[in-house]
Amino acid sequence: MITLDIDLSYFSRYYHISSEAIKQYQQKNMSIPQIMQAEALKGNEAAAKFMAKISGNPELLVQLYQLTDPKNRFLILSHMNQEDLAKIMECLEPDELILGLSIFTQEALVELMMKLPPETLSTVVLENMDTNKFLDQLPEEHMDAFLSSEKIDRNMFMIGMQDMEDSSLQKMMEKYSGQPCYDNRETIMGKMNEMDDKNFQRAIMGFEEDDKKQLIGNMLQAKPDLFEEFSPEAMVEPFKAMEKEDVLKALTVLDTEELMPMVEDLPQDIMALIATQIDPAMFAQILTSDFKDIIASCGIDS
């Protein structure tokens, strides 16, 4: 039984049920539909039409179940499973989902961001900072992981190296070979093109940290969707240094569908709390359409 906080005067006024009768029904732990059924057996015509009326009149359900009260919405939502709660949350506006996420700490928000698909997470990053700012805050280990991606072909690396300084290429080759290098760009690029994949990758890893930033920046400029090859851990790195309010603000570039991965696997009670923001009229519409069993299980708080 879901016991709601309801104005009993409404029952007396519209369904002609006395306070004494309601008290007796409460003592028997009867739901509202059961109360109406009992009243119908007594000849109460208004009560007899109860279920038929609310099924086609969500506004009446809002009034009767006092759905404008967030407490009542939460009590009902608390009895839904995670799958059903996710469907309810899909009806929320993006700013409502973000407001719900504000209950989390900054650290927890960053963890939740890693649940976003790569293409969505990359949108959050690139809508809030340019590539250079992102790379400046990225530890070298994350750059190395990016450069090791099997989805980035050799041609992209060669494009990325085209306008790098000769000195950067020479230092990379010296680290790779262990010998001084005085070759010009064309010669170095030719040697690299002749390397097998294993040695080519080992040579790339020989770039200095700042040169890796330039290389990656050049590659991303040539093919922006390569950004998705960064791991979720890498993409959230800049947000670790942000204030909680700034992390929440960064998420405003996403719509409801894009935000859902951050909330659909949360604990049930947290999902219910966030879903409580749903518009009462919309909530009533959903209840009358898909959750008649929940409507039937609601009673009156004693």
Side-chain angles (χ1 to χ4, degrees), residues 1-97 99-100 103 256 263-264 266-302:
M1 174 82 75
I2 306 172
T3 55
L4 305 179
D5 186 6
I6 293 176
D7 182 3
L8 299 182
S9 66
Y10 188 89
F11 282 85
S12 299
R13 194 162 59 247
Y14 291 97
Y15 290 97
H16 314 297
I17 306 174
S18 68
S19 298
E20 184 60 33
I22 291 175
K23 187 179 295 185
Q24 290 176 2
Y25 292 137
Q26 286 176 304
Q27 290 173 348
K28 295 177 181 179
N29 203 32
M30 295 174 68
S31 68
I32 293 173
Q34 287 172 335
I35 291 172
M36 295 300 183
Q37 188 175 31
E39 284 292 308
L41 292 174
K42 294 179 182 180
N44 186 330
E45 293 184 6
K49 299 174 183 178
F50 167 73
M51 284 305 294
K53 276 193 173 183
I54 63 170
S55 294
N57 190 349
E59 292 82 6
L60 178 61
L61 189 67
V62 171
Q63 288 181 308
L64 185 62
Y65 281 32
Q66 300 280 283
L67 296 181
T68 53
D69 185 343
K71 176 185 175 184
N72 284 345
R73 295 199 300 276
F74 177 72
L75 287 169
I76 293 172
L77 289 162
S78 296
H79 285 75
M80 292 185 179
N81 60 38
Q82 284 185 302
E83 183 179 351
D84 290 335
L85 285 169
K87 292 178 182 178
I88 298 291
M89 295 170 80
E90 289 172 357
C91 299
L92 297 180
E93 295 295 325
D95 59 334
E96 291 172 326
L97 279 178
L99 180 60
I103 66 175
T256 295
V263 297
E264 60 190 2
L266 292 173
Q268 191 170 324
D269 58 337
I270 299 297
M271 291 181 71
L273 183 62
I274 295 174
T276 299
Q277 298 175 96
I278 190 170
D279 175 72
M282 182 179 292
F283 189 37
Q285 181 68 53
I286 294 170
L287 289 175
T288 55
S289 174
D290 302 324
F291 295 98
K292 290 183 174 64
D293 57 331
I294 285 184
I295 291 175
S297 67
C298 291
I300 303 170
D301 189 1
S302 56

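Everything quoted here is computed from the prediction, not taken from an experiment.
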Peer 1: Look at atom NZ of Lys28 and say whether more than 12 heavy atoms of other residues, nucleotides or ligands are closer to it than 6.0 Å.
Peer 2: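 Open.
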Peer 1: Quick one, Phe50 and Glu39 - any side-chain contact, counting heavy atoms below 4.5 Å?
Peer 2: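 Heavy-atom side-chain distance check fails, nothing below 4.5 Å.
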Peer 1: Can you name the side-chain contact (heavy atoms from CB on, under 4.5 Å) partners of Ser9, sequence neighbours left out?
Peer 2: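 In terms of side-chain contact (heavy atoms from CB on, under 4.5 Å), with neighbours along the sequence ignored, Ser9 is linked to Asp7, Arg13.
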Peer 1: Report yes if some heavy atom in the side chain of Cys298 is under 4.5 Å from a heavy atom in the side chain of Ile76; otherwise report no.
Peer 2: yes
Peer 1: Calculate, to the nearest 0.5 Å, the distance between atoms NE2 and CE belonging to His79 and Met1 respectively.
Peer 2: 10.0 Å
Peer 1: Can you measure from NZ (Lys292) to CG (Leu287) and round to the nearest 0.5 angstrom?
Peer 2: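 Taking NZ in Lys292 and CG in Leu287, the distance rounds to 10.0 Å.
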Peer 1: Does the side chain of Met51 reach to within under 4.5 Å of the side chain of Met36, using non-hydrogen atoms?
Peer 2: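 Met51 vs Met36: side chains apart.
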Peer 1: Would you give the length of the straight line joining atom CG of Leu64 to atom CD1 of Ile300, rounded to the nearest 0.5 angstrom?
Peer 2: 8.0 Å
Peer 1: If every non-hydrogen atom of Pro33 is compared with every non-hydrogen atom of Ala296, which pair is closest and at what distance?
Peer 2: CG-CA, 3.4 Å
Peer 1: Looking at Ala281, is its backbone amide N or carbonyl O close enough to the side chain of Glu59 to form a donor-acceptor pair, meaning the two atoms are under 3.5 Å apart?
Peer 2: no
Peer 1: If I take atom NZ from residue Lys87 and atom CG from residue Asp290, how far apart are they, to the nearest 0.5 angstrom?
Peer 2: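 Between atom NZ of Lys87 and atom CG of Asp290 there are 7.0 Å.
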Peer 1: One pair to check against side-chain contact (heavy atoms from CB on, under 4.5 Å): Met89 and Leu97. What are the steps and the verdict?
Peer 2: CA-CA 8 Å; Met89 295 170 80; Leu97 279 178; 4.1 Å; yes
Peer 1: Please report the shortest heavy-atom distance between Leu61 and Ala284, naming the atom on each side.
Peer 2: CD2-O, 4.0 Å
Peer 1: Once side-chain contact (heavy atoms from CB on, under 4.5 Å) is applied, do any residues pair with Phe74, and if so which ones, sequence neighbours excluded?
Peer 2: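 Partners of Phe74 under the side-chain contact (heavy atoms from CB on, under 4.5 Å) test: Ser78, Ala272, Leu273, Thr276.
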Peer 1: Measure from the side-chain N and O atoms of Thr256 to the backbone N and O of Leu92, and report whether any donor-acceptor pair falls under 3.5 Å.
Peer 2: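 Checked: pair present.
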Peer 1: Testing the basics here: between Val263 and Met271, what is the closest heavy-atom pair and its distance to 0.1 Å?
Peer 2: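 The pair with the smallest heavy-atom distance is O-CG, 3.5 Å.
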Peer 1: Calculate, to the nearest 0.5 Å, the distance between atoms CD and CG belonging to Gln285 and Asp279 respectively.
Peer 2: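 Going from CD on Gln285 over to CG on Asp279, the span is 11.0 Å.
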Peer 1: How about CD on Gln34, more than 12 heavy atoms from neighbouring residues, nucleotides or ligands closer than 6.0 Å, or not?
Peer 2: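 More than 12 heavy atoms, drawn from other residues, nucleotides or ligands, come within 6.0 Å of this atom.
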Peer 1: Should Gln63 and Tyr14 count as side-chain neighbours, where that means a heavy-atom distance under 4.5 Å?
Peer 2: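 Of all side-chain heavy-atom pairs linking Tyr14 with Gln63, none is under 4.5 Å.
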Peer 1: Atom CG in Leu75, atom CD in Gln66: separation rounded to 0.5 Å?
Peer 2: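 Here the rounded value is 12.5 Å.
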Peer 1: Please find the pair of heavy atoms, one from Ala47 and one from Ala40, that lie closest to each other, and give the distance.
Peer 2: CB-N, 4.2 Å
Peer 1: I'd like to know if the side chain of Asn44 reaches the main chain of Ile17, judged simply by a donor and an acceptor atom lying under 3.5 Å from each other, with no hydrogens or angles considered.
Peer 2: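 No, the answer is negative, given that no donor and acceptor are paired below the 3.5 Å cut-off.
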Peer 1: For Glu264, is there any backbone N or O sitting under 3.5 Å from a side-chain donor or acceptor partner on Gln82?
Peer 2: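 No, because the side chain of Gln82 does not come within donor-acceptor range (under 3.5 Å) of the backbone of Glu264.
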Peer 1: Test side-chain contact (heavy atoms from CB on, under 4.5 Å) on Asp84 and Phe291 and set out the steps.
Peer 2: CA-CA 10 Å; Asp84 290 335; Phe291 295 98; 3.5 Å; yes
Peer 1: Please identify each residue that fulfils side-chain contact (heavy atoms from CB on, under 4.5 Å) with Gln24, with sequence neighbours left out.
Peer 2: Glu20
Peer 1: Measure across Pro58 and Thr288 and return the closest heavy-atom pair with its distance rounded to 0.1 Å.
Peer 2: CG-OG1, 3.9 Å
Peer 1: Is it the case that the side chain of Gln277 and the backbone of Ile274 share a donor-acceptor pair, with hydrogens and angles ignored and the cut-off at 3.5 Å?
Peer 2: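 Indeed, once roles are kept as given, a pair shorter than 3.5 Å links the two residues.
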Peer 1: Could you tell me which non-hydrogen atom of Asp301 sits nearest to which non-hydrogen atom of Gln26, and how far apart they are?
Peer 2: O-NE2, 3.1 Å
Peer 1: Mark yes or no for whether Tyr65, through its side chain, and Ile295, through its backbone, hold a donor-acceptor pair below 3.5 Å.
Peer 2: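 At least one qualifying donor-acceptor pair exists.
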